[in-house]
Amino acid sequence: MKVRIKFSKSGSMVYIGHLDIMRYFQKAIRRSGLPIKYSEGFNPHQIMSFAAPLGVGLSSSGEYMDIELKEFVPSQEALQRLQAAMVDGMEVTSFRYLPDNTKNAMSSVNAASYILSYKHPEKFPYTITELQAAKKAFFDDAGTIPIIKKTKKGERELDLKPLIYDFTISEVCNSCGDSGIIFSLLVSTGSTDNIKPELVLDHFFRSMGKTDLGRYDFFIHREDMLTGQAPDFVSLGEIGHDKE
């Protein structure tokens with residue numbers, strides 16, 4: 001029985017890398033007592049796969065892993081057992097059974113949505129009006145956005161424009177009277193064209209002549225991961241069903 005688990009990552013856990021998150025969940029599932037399937041062979045391991053890894057320092061409310069169970073456990077019971085094994089900064093939010101022919105999360109993900117906010121909004125160098133005008137020139141009216149992307153095999157030239165499915169900039173105010181600029185991005189994610197949100201912002205600010213704003217100047221939060229094709233993406237969390 002295939003199961004998709006959705007979880008969030010926040011607080012100090014954002015500094016834990018992907019490999020350690022994998023080990024963490026292996027131990028958490030053992031503590032929960034869920035009847036997970038193991039591979040066969042000399043060195044059996046839990047049958048488990050994760051969607052696109054999250055970079056260190058990023059928070060998320062839409063992370064996914066798939067497992068296989070040897071026997072049925074009601075979704076709500078499984079959720080409670082897993083949640084009892086979590087630590088601060090990790091929360092399991094969904095436990096859904098998948099159809100047998102469902103592709104695993106890793107091969108299913110095609111896009112991811114992010115929210116980025118400047119860490120020191122009172123020092124942000126641009127107004128919302130300036131940003132909206134720059135975004136129109138950079139993205140809305142641009143036919144292409146040619147960039148050089150660094151990969152493990154070197155560098156390659158690509159057009160960033162078709163890999164950005166949505167790019168919005170807004171100004172938010174909270175009840176305390178504070179305000180800030182929010183960048184919302186929906187970008188290609190997966191094994192073929194994996195676009196990091198900070199790459200988009202870097203080239204956006206470069207188009208404005210600003211080269212000293214980098215990843216570490218922003219809080220980056222992954223909202224969700226999606227499958228399908230633009231514009232009809234579906235959240236990985238919407239696939240499958242709760243079973244009681």
Side-chain angles (χ1 to χ4, degrees), residues 2-70 78-79 81-96 98 102-116 149-154 185 187-199 214-216 218-227 235-237 239:
K2 294 182 178 180
V3 173
R4 178 157 297 158
I5 296 167
K6 182 178 182 179
F7 63 96
S8 64
K9 186 179 178 186
S10 62
S12 60
M13 292 300 289
V14 304
Y15 302 108
I16 305 300
H18 180 64
L19 291 178
D20 286 324
I21 289 294
M22 292 174 63
R23 298 186 188 101
Y24 168 79
F25 268 103
Q26 289 169 355
K27 295 177 180 178
I29 286 177
R30 284 199 293 269
R31 289 196 299 270
S32 74
L34 290 177
I36 192 170
K37 273 188 179 180
Y38 281 77
S39 62
E40 298 179 356
F42 180 74
N43 186 28
H45 58 272
Q46 295 176 359
I47 297 178
M48 172 189 299
S49 66
F50 288 76
L54 186 68
V56 174
L58 278 64
S59 62
S60 176
S61 52
E63 298 301 290
Y64 296 92
M65 59 178 286
D66 292 348
I67 64 172
E68 289 192 33
L69 296 183
K70 294 183 290 186
L79 192 64
R81 286 164 66 173
L82 266 179
Q83 186 56 32
M86 294 295 105
V87 298
D88 288 345
M90 299 291 289
E91 181 181 4
V92 178
T93 57
S94 176
F95 189 97
R96 308 193 83 181
L98 302 174
T102 305
K103 293 193 299 183
N104 65 36
M106 180 182 294
S107 59
S108 296
V109 62
N110 299 118
S113 56
Y114 295 87
I115 291 179
L116 299 90
K149 186 174 185 288
K150 293 182 179 180
T151 69
K152 293 180 180 179
K153 297 181 180 179
L185 285 166
V187 294
S188 175
T189 302
S191 57
T192 304
D193 289 303
N194 189 54
I195 301 301
K196 295 180 179 180
E198 56 266 37
L199 176 71
R215 165 183 174 175
Y216 299 107
F218 291 86
F219 294 112
I220 305 177
H221 179 80
R222 181 150 72 185
E223 287 189 297
D224 205 357
M225 284 184 274
L226 307 101
T227 188
S235 169
L236 289 179
I239 299 172

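Both backbone and side-chain heavy atoms feed into the values below; hydrogens, waters and symmetry mates do not. Keep in mind the model is a prediction, meaning the values are calculated, not measured.
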Quiz item: Which heavy atom of K9 sits nearest a heavy atom of M13, and at what distance?
Solution: CE-O, 2.8 Å
Exercise. Measure the spacing between NZ of K196 and OG1 of T189 and express it to the nearest 0.5 Å.
Key: 11.0 Å
Self-check item: Partners passing side-chain contact (heavy atoms from CB on, under 4.5 Å) against S188 (at least two apart in sequence or in another chain)
Solution: L163, Y165, D193, I195
Quiz item: So, R222 and E63, do they make that salt bridge, N to O below 4.0 Å?
Solution: yes
Using distance only, find each side-chain donor-acceptor pair of residues 43-58 under 3.5 Å and give its atom names and separation, not counting sequence neighbours.
unit_1, atom_1, unit_2, atom_2, d
H45, ND1, S39, OG, 3.0
Q46, NE2, Q26, O, 3.1
Q46, NE2, Y38, OH, 3.4

Practice problem: Could you walk me through whether L236 and V109 pass side-chain contact (heavy atoms from CB on, under 4.5 Å), step by step? | Solution: CA-CA 7 Å; L236 289 179; V109 62; 4.2 Å; yes
Practice problem: Keeping the roles fixed (side chain from R96, backbone from G237), state whether a donor-acceptor pair exists under 3.5 Å. | Solution: yes
Quiz item: For S94, which residues count as a side-chain hydrogen bond (donor to acceptor under 3.5 Å, both in side chains) partner, sequence neighbours excluded?
Solution: none
Exercise. Output all residues satisfying side-chain hydrogen bond (donor to acceptor under 3.5 Å, both in side chains) with T93, sequence neighbours left out; order by chain, then residue number.
Key: none
Quiz item: Got a donor-acceptor contact below 3.5 angstrom from the S107 side chain to the K103 backbone?
Solution: no
Practice problem: Report the distance from atom NE2 of H18 to atom OH of Y24, rounding to the nearest 0.5 Å. | Solution: 15.0 Å
Exercise. Taking all heavy atoms of S59 and all of S10, pick out the closest pair and write down the distance.
Key: CB-CA, 4.5 Å
Quiz item: Looking only at side chains, do S60 and H221 share a donor and an acceptor under 3.5 Å apart?
Solution: no
Quiz item: Atom OH of Y216 and atom CD of E198: how far apart are they, to the nearest 0.5 Å?
Solution: 8.5 Å
Quiz item: Can you tell if the side chain of V3 reaches within under 4.5 Å of the side chain of L98, non-hydrogen atoms only?
Solution: no
Practice problem: Name all residues meeting the side-chain hydrogen bond (donor to acceptor under 3.5 Å, both in side chains) criterion together with S235; count only those two or more places apart in sequence or in a different chain, and write none if there are none. | Solution: Y64, D224
Quiz item: Under the side-chain contact (heavy atoms from CB on, under 4.5 Å) test, which residues partner A78, sequence neighbours left out?
Solution: L34, V73, F95
Quiz prompt | Closest contact, heavy atoms only, G62 versus M225 | solution = O-CE, 3.3 Å
Practice problem: For L185 and S113, run side-chain contact (heavy atoms from CB on, under 4.5 Å): C-alpha distance rounded to whole Å, both residues' side-chain angles, the deciding distance at 0.1 Å, then the answer. | Solution: CA-CA 6 Å; L185 285 166; S113 56; over 6 Å; no
Practice problem: Report the C-alpha separation of N110 and L226 in whole Å, then their side-chain angles, then the decisive distance to 0.1 Å, and conclude whether the side-chain contact (heavy atoms from CB on, under 4.5 Å) test is met. | Solution: CA-CA 6 Å; N110 299 118; L226 307 101; over 6 Å; no
Self-check item: E68: salt bridge (charged side-chain N to carboxylate O under 4.0 Å, His left out) partners, not counting sequence neighbours
Solution: K37
Practice problem: Evaluate the criterion side-chain contact (heavy atoms from CB on, under 4.5 Å) for residue pair F25 and R30; output intermediate values, then yes/no. | Solution: CA-CA 8 Å; F25 268 103; R30 284 199 293 269; over 6 Å; no
Quiz item: Atom CD1 in I16, atom CD1 in I21: separation rounded to 0.5 Å?
Solution: 6.5 Å
Self-check item: R23: salt bridge (charged side-chain N to carboxylate O under 4.0 Å, His left out) partners, not counting sequence neighbours
Solution: D20
Quiz item: Can you list every salt bridge (charged side-chain N to carboxylate O under 4.0 Å, His left out) pair that touches residues 41-60, not counting sequence neighbours?
Solution: none
Quiz item: Does anything in residues 39-54 pair up under salt bridge (charged side-chain N to carboxylate O under 4.0 Å, His left out), and if so which pairs, sequence neighbours excluded?
Solution: none
Self-check item: Contacts of D66 that satisfy salt bridge (charged side-chain N to carboxylate O under 4.0 Å, His left out) - sequence neighbours left out
Solution: R4
Self-check item: Qualifying side chain to side chain donor-acceptor pair (under 3.5 Å) pairs, either residue in residues 81-92, two or more places apart
Solution: E77-R81
Quiz item: To the nearest 0.5 Å, how far apart are CD1 in I67 and NZ in K2?
Solution: 13.0 Å
